[in-house]
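All values reported here derive from a predicted model rather than from experimental measurement. When reading the values below, keep in mind they use all heavy atoms of this one structure, side chains included, and skip hydrogens, waters and symmetry mates.
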Amino acid sequence: MDSVASEPRQRQTLHSTADNGLKIVIVGGFGVGKTTLVRSVSEIRPLNTEETMTQAGAHIDDTVGVAAKKATTVAFDFGRISLDARNVLYLFGAPGQERFWFLWDRLFAGTLGAVVLVDTRRLSDSWYAVDRLEHHGTPFVVACNDFGGPAHSPAEIREALDLADEVPLVFCDARSRESGMEVLISLVEHLKTLVPSDPQPIPQPIPEPTP
């Protein structure tokens, strides 16, 4: 899952008129494709903090199912998507190893919503991400990355992750820009459902009676 399947595209500079930044966090277990997803959808060259994995972490990081992984994120990944001339989506990919989970609560601060990226071969690795987002009250969608493992029905995945019915569940290929954008669109659509369509007017203070 290290390569990006989409065609090379021209990187864009930020419009001088952009003044509204919207923050999205991508979380999940170790080696589920978070760096790949940020890299595939970002319109700029992503900032990443990948380091080569060494024997020092051999007995710390659980590499079951991802034994071929050679590098790992040690802080966070960062990418950007311009929605229009004034609105920009900032993407933060969180590190997946348990020893870096202490960074997650800081990354969640000011977050509009989140994507929980899942490897269906290792569903238990995603429990912590779901738990922390629910703890913070952060809206999220779950995206199952295609690693070619055994097929699971949506109902089986929902049961394994104990997902609420209102949490969207989608399938994706993190290497594909088009597929990655569909994940983000599903998150935006989910966020829209949480905004009251007919917000109640703000009560106005009752004026004091005139003597």
Original post:
Just how far is it from atom CG of Asn145 to atom CG of Leu117, taken to the nearest 0.5 Å?
Top reply: 5.0 Å
Original post:
Can you name the closest pair of heavy atoms from Ser42 and Arg80 and give their distance?
Top reply: OG-N, 3.1 Å
Original post:
Just by distance, do the side chain of Thr138 and the backbone of Gly113 share a donor-acceptor pair under 3.5 Å?
Top reply: no
Original post:
Closest approach of Cys172 and Val183, non-hydrogen atoms and distance?
Top reply: CB-CG2, 3.6 Å
Original post:
Side-chain contact, heavy-atom cut-off 4.5 Å: Val118 with Val32?
Top reply: no
Subject >> CA sep, side-chain torsions, deciding dist, call: Val142, Val170, side-chain contact (heavy atoms from CB on, under 4.5 Å) >> reply: CA-CA 6 Å; Val142 172; Val170 298; over 6 Å; no
Original post:
Any idea which heavy atoms bring Phe171 and His152 closest together, and the distance?
Top reply: CZ-O, 4.3 Å
Subject >> Leu187 versus Ala114, closest heavy-atom pair with distance >> reply: CD1-O, 3.5 Å
**OP:** Kindly determine whether Lys23 and Val25 satisfy side-chain contact (heavy atoms from CB on, under 4.5 Å), including the steps that lead there.
**Re:** CA-CA 7 Å; Lys23 181 180 178 182; Val25 173; 4.1 Å; yes
Original post:
Would a distance-only check, ignoring hydrogens and angles, find a side-chain to backbone donor-acceptor pair under 3.5 Å from Arg122 to Gly29?
Top reply: no
**OP:** Using the rule that two of Ile, Leu, Val, Met, Phe, Trp, Tyr join whenever any of their side-chain heavy atoms come within less than 4.5 Å, decide whether Val188 and Val41 are in one cluster.
**Re:** no
Original post:
For the side chain of Trp127 and the backbone of Asp162, is there at least one donor-acceptor N/O pair under 3.5 Å apart?
Top reply: no
Subject >> Ile157 vs Cys144, side-chain contact (heavy atoms from CB on, under 4.5 Å): CA-CA, chis, key distance, verdict >> reply: CA-CA 9 Å; Ile157 296 171; Cys144 297; 3.6 Å; yes
**OP:** Could you please spell out the steps behind the side-chain contact (heavy atoms from CB on, under 4.5 Å) verdict for His190 and Phe140?
**Re:** CA-CA 8 Å; His190 177 51; Phe140 65 94; over 6 Å; no
Original post:
With no hydrogens and no angle check, is any side-chain donor or acceptor of Arg158 less than 3.5 Å from a backbone partner on Val167?
Top reply: yes
Original post:
Once you round to the nearest 0.5 Å, how far does CG of Leu83 lie from CG of Leu89?
Top reply: 5.5 Å
Original post:
Considering all heavy atoms of both residues, which atom of Leu161 and which atom of Leu123 are nearest to each other, and what is their separation?
Top reply: CD2-O, 3.5 Å
Original post:
About how many Å separate CZ of Arg175 and OG of Ser40, when rounded to the nearest 0.5 Å?
Top reply: 10.5 Å
Subject >> Spacing of CZ belonging to Arg132 relative to NE2 belonging to His136, to within rounding of 0.5 Å >> reply: 4.5 Å
Original post:
Are any non-hydrogen side-chain atoms of Leu133 and Val27 less than 4.5 angstrom apart?
Top reply: yes
Subject >> Under 3.5 Å donor-acceptor, Glu156 side chain and Ser153 backbone >> reply: yes
Original post:
Would Asp173 and Ser179 count as having a side-chain donor-acceptor pair, cut-off 3.5 Å?
Top reply: no
Subject >> Hphob cluster co-occupancy, Val130 + Leu169, side-chain heavy atoms under 4.5 angstrom >> reply: yes
Subject >> Nearest-0.5 Å distance that lies between atom CD in Glu189 and atom CD1 in Ile185 >> reply: 7.0 Å
Subject >> CD/Glu159: more than 12 non-hydrogen atoms of other groups inside 6.0 Å >> reply: no
**OP:** Considering non-hydrogen atoms only, spot the tightest contact between Phe78 and Val38 and give its length.
**Re:** C-CG1, 3.9 Å
Original post:
Taking the side chain as C-beta and beyond, is there a heavy-atom pair between Leu91 and Leu184 under 4.5 Å?
Top reply: yes
**OP:** Working to the nearest 0.5 Å, report the span between CD1 of Ile24 and OH of Tyr90.
**Re:** 13.0 Å
Subject >> Leu191 and Leu112, any side-chain heavy atoms less than 4.5 Å apart >> reply: yes
Original post:
Looking at Arg86 and Asp84, does any basic side-chain N land under 4.0 Å from a carboxylate oxygen?
Top reply: no
